[in-house]
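Letters A, B, ... mirror the listed sequences (proteins, then strands); counts begin at 1. Keep in mind it's a predicted model, so treat the numbers as computed, not measured.
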Amino acid sequence: MSRYNFKESERTWQAAWEAADCFRATEDATRPKYYVLEMFPYPSGRIHMGHVRNYTLGDVVARFKKAQGFNVLHPMGWDAFGLPAENAAIENNVPPAAWTQENIATMRRQLKSMGLSYDWGRELATCDPDYYRHEQRMFLDFLDNGLVYRKESWVNWDPVENTVLANEQVIDGRGWRSGALVEKRQLSQWFLKITDFAQELLDGLEELDRWPERVRLMQENWIGRSEGAHVDFALAGRDDSLAVYTTRPDTLFGASFCAIAANHPLAQELASDQPVLGEFIAECNRLGTSEAAIETAEKRGYDTGLRAIHPLDNSWQIPVYVANFVLMEYGSGAVFGCPAHDQRDLDFARKYDLKVTPVVAPKGIPAADFTIGDTAYLEDGTLINSGFLDGLDVATAKARVIDRLEYIGRGTRAVKYRLRDWGVSRQRYWGCPIPVIHCEDCGVVPVPRDQLPVELPVEVDFDTPGNPLDHHPTWKHVDCPTCGKPAVRETDTFDTFFESSWYFARFCNTATEEPLDRAAVDHWLPVDQYIGGIEHAVLHLLYSRFFTRALKKCGYLSVSEPFVGLLTQGMVCHQTFRDANGKWLFPSDVTVDGGQARHRETGEAVKAGRSEKMSKSKRNVVDPETIIDSYGADTARLFMLSDSPPDRDLEWTDAGIDGAWRYINRLWRLAAEEGAPSESPPRGVPASLGDDAMALVKQTHQTIEGVTGDLDKFHFNKAVARIRELTNGIDRLVGGSESDIWARRFALETIVLLIAPMTPHLAEAMWKALGRRSGLVVEQAWPTADSGYLRDDEVTVAVQVNGKLRGTITLAKDAPNDEAEQAALSLDKVQSLLGNGPPRKIIIVPNRIINVVA
RNA sequence: GCGGGCGUGGUGAAAUUGGUAAACACAAGGGACUUAAAAUCCCUCGGCCGUAAGGCCUUGUCGGUUCAAGUCCGACCGCCCGCACCA
């Protein structure tokens, strides 16, 4: 028996699907729609194992849903703008566009070799002017709808990428891609008003019940809603007042100072005639915002000499400090300090010798006995030293004090969010140009819609540092569309997350001249199942949720949530090795014998590290193409699905791939040996089935039931295990009777249908070998279990004595309790353990367990 | 510091959500076929005691609830992730 010829098979069936145009999606009102989407790749060069896993998962879902009768939309495209193209341009002297196109060609070929069920007719690349011209128009619509503004502000500057980063792109004070320490710079930038939707984005999370809990939590934390109050502190000797934000207005009577941020307008003003303060402010700005900088930085303040008047007691004044720990970006950039009930305020008060007055005491402890040491008291309790609030609990005191502040006009209830507006300007070439023109007379002028797209220039110079668009000789020089005088184009481009925030909507109709085809998006959206990496939990997934709402506001579509189902897959990991100097080694350079890893050539002992995410720097990547070339796409796909649940990390092992390959061959042999049925069409269910045959038929129906449930819940590893069990079942049934032969064929044909979403080429090859020429497997309906075979007539019931398993008995299904009890008690083991006494109690869980309590 | 998750054989994991722990695999060991190898097939495979029948123990640790706990509750240990000077 020859081995499964995956090369020929995969080529053949891929061609067959293409010829039959199996995966083209068209709107069809007669079938329920199902939109399955995997996060589209950045065309970095070649696909990696993470892609293989991601797209295998999506393909199984798409093929399964199609078999179940859904009208499936399953598109693929390229997230094609981004910095690596510019780096390649600098290093290899290739234009970013050419580099990107070449990568797309390579990766498209690689994806096609996986046999993925995409509607390639909808392929798009975001760097195509035909794509980005639409987002330029969307931007102008956002402008008209008040969703965009331009602001001079402190931004995160990545000194390696020479560009601005959004807050979401700063991880631990470093650029998300470059890893460089981020600096603060003041620049004029375009912002999208994501904060307008803060509450909606928060509320919307509650309905996303098919999203992983932790992703919703991360977004919730990122949006960071807090409830509190704005409180006005009048300033002694001045007409203006200081607005502070607090979540603890109940502690107002414990206030001993106010503190403002270094960049607070008041601080700036005072610094003009207080040089020492100016120096202090400059020092604060020099301080990084990295985790390390914050950890080590001491809480410092500068007494401005100003005095704030307590809003609830005109005779009470407290000092106003400029403090390095107050952030201008949050709240109003000013706080009041209540040292007794905030650890940071307490540290500050001790340092500058300020008063510490407790105003909340633990319940049941007399006010006089309660003092604050080095630890602030943060819990609930009873208000003390607080006039009209005394005796109340914290929640009531909060409500009461805000009522009073509102009544006397010194404060208001306020809700704050941690979420900041999304800065979308990037000082890069390889992105979508922001369609505005700067005119000395007219200011910022939107590019007229009939002049879109603003296309990127092709000839660019990457030898000069900085933004190539900015120092391009001609590109930016245009006449003002309003007054006609010479003006300059905006040379910033959009953050590349702009493109990925609406591509899922464009897929609904990639041919339309409009940005979106309203009928098509209304038909297909929302995406029923989205699949991708957890690393986008707040970045891409939050931006897309916002963008969808913004598009809705501009009349482009009707849904608010783009993705109703989300599956976040784990990483593909692989063993790492390092030599004595800590240098990473390729696994292929290492041999392991007897638990000791050695260098293949030098024989030097090397250190086997833990399994880590595949990455070039750790030298533990496995190239998917070599795997597909030597084992086939189906083996790679099966391995990706077999052992680990999709949301967990997957450990790559050569042995695991071998195991998948062996199983594929085993299935192939079963089908090839079975061959076409001796009669055509094959006979129906034999009039009577032998016991063994009946057992296999039942197992087959149970497998259909189980696998269907597993795939519905994305338990692919369990589905594979079940199918393997059924394969073992076929091998065990060795009889030659007519009913045995029939049962084996039935089980095998069922396996073909069940495994088809996972190993589609193999399934087609088996289908053909089994003589099923009536069309492709991909066109077959998903099998359904006959409930008549799901019921077992007999069940094995565990018998316990005092909770310990002592034996099992076989009973008729749903046997009456007294019968079950009789059978259990008659076991010798049970009798001997009971001695002569009667059992104290017998617990019977029908069809499952009997526990005799002695 | 705050929030969340996880901990089961040598390994990846499963366990109908409180009801026979370790399904299905991988690795390992033994055997069959073969001149040999590969491929394939069969057997063993959580630990301890025992020739055996069998017995005892076992889901990070300790305690609790229950007829019954991997699953629920409490404390602790360890690992992972997210956020973090957020007022």
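Among the protein residues, Leu217(A) comes within range of the sugar-phosphate backbone only, with heavy atoms under 4.0 Å from sugar or phosphate atoms but none that close to a base. Here Asn851(A) lies in heavy-atom contact (under 4.0 Å) with a base. If you check every strand for non-hydrogen atoms under 4.0 Å, Val845(A) touches a base. Nucleic acid contact class of Arg848(A) (heavy atoms, under 4.0 Å, all strands): base. As judged by a 4.0 angstrom heavy-atom cut-off over every strand, Thr808(A) is placed among the base-contacting residues. Contact annotation for Gln800(A): base contact, defined as any heavy-atom pair under 4.0 Å involving a base atom. Among the heavy atoms of the strands lying under 4.0 Å from Val326(A) is at least one base atom, whether or not backbone atoms are also near. Contacts of Thr653(A) with the nucleic acid, taken as non-hydrogen atoms under 4.0 Å apart, are absent.
Nucleotide U20(B) carries an anti base; the chi torsion (O4'-C1'-N9-C4 or O4'-C1'-N1-C2) is more than 90° from 0. Its glycosidic angle being within 90° of 0, G9(B) falls on the syn side.
Cation-pi geometry between Arg3(A) and Trp668(A) is not met: the NZ or CZ atom fails to fall both under 6.0 Å from the ring centre and inside 45° of the normal.
Closest approach to the Arg662(A) side chain among C83(B), G19(B), A27(B) is made by A27(B) (side chain taken as heavy atoms from C-beta onward). Nearest to the side-chain atoms of Leu805(A) among the listed nucleotides G12(B), A21(B), C86(B) stands A21(B). The side chain of Arg724(A) lies closest to C24(B), out of C24(B), G3(B), C41(B). The side chain of Ile843(A) has C67(B) as its nearest neighbour among A13(B), C24(B), C67(B).
Not one side-chain nitrogen or oxygen of Lys718(A) sits closer than 4.0 Å to the OP1 or OP2 atom of A14(B). A sub-4.0 Å separation between OP1 or OP2 of A14(B) and a side-chain N or O of Asn717(A) is present. Remark: Tyr330(A) is in phosphate contact with A87(B), judged by side-chain N or O atoms under 4.0 Å from OP1 or OP2. The side chain of Arg418(A) contributes no N or O atom lying less than 4.0 Å from OP1 or OP2 of G3(B). Dashed line: the shortest gap from a side-chain N or O of Asn728(A) to OP1 or OP2 of A23(B) is not under 4.0 Å. Phosphate proximity of C86(B) to Arg344(A): present, with a side-chain N or O under 4.0 Å from OP1 or OP2. For C56(B), one of the phosphate oxygens OP1 or OP2 lies less than 4.0 angstrom from a side-chain nitrogen or oxygen of Arg806(A). In terms of phosphate contacts, Arg648(A) brings no side-chain nitrogen or oxygen within less than 4.0 Å of OP1 or OP2 of G5(B). In this model, the phosphate group of C56(B) is not approached by any side-chain N or O of Lys804(A) to a distance below 4.0 Å at OP1 or OP2. Look at Lys613(A) and you won't find any side-chain N or O under 4.0 angstrom from OP1 or OP2 of C81(B).
Annotation: U59(B) and C49(B) have their C1' atoms spaced 22 Å apart (nearest Å). Comparing U65(B) with G18(B), their C1' atoms are spaced 12 Å from each other, to the whole Å. With P as the reference atom, U71(B) and C6(B) are 13 Å apart, rounded to whole Å. Atom name P, nucleotides A14(B) and A84(B): the rounded distance is 32 Å, in whole Å.
Pairing for A38(B) is absent, judged as Watson-Crick or G-U wobble with the two contacts each under 3.5 Å. Of all nucleotides present, only C2(B) satisfies the Watson-Crick or G-U wobble test against G82(B), with each distance under 3.5 Å.
Side-chain atoms of Gln569(A) and Arg648(A) include no donor-acceptor pair closer than 3.5 Å. Between the side chains of Asn324(A) and Tyr302(A), no donor-acceptor pair is found at a separation under 3.5 Å. One side chain, Tyr330(A) or Ser226(A), offers a donor N or O that lies under 3.5 Å from an acceptor on the other.
Residue order along RNA chain B, read from the 5' end via each residue's closest nucleotide, puts Val852(A) first among Val852(A) and Tyr417(A). Closest-nucleotide positions on RNA chain B for Gly659(A) and Val538(A) were compared, and the one nearer the 5' end corresponds to Gly659(A).
Remark: P of C80(B) and CD of Glu535(A) are 19 Å apart, rounded to the nearest angstrom. Leu650(A) places its CG atom 13 Å from the C1' atom of C26(B), with the value rounded to the nearest Å.
By the 30° and 60° cut-offs, the orientation of the rings of Phe257(A) relative to Phe348(A) is tilted.
Put simply, the side chain of Lys299(A) and the base of C85(B) share a donor and an acceptor less than 3.5 Å apart.
In summary, Arg216(A) and Glu213(A) engage in a salt bridge, as defined by a charged side-chain N under 4.0 Å from a carboxylate O.
Close placement of the Phe6(A) and Trp661(A) rings is indicated, their centers lying within 6.0 Å of each other.
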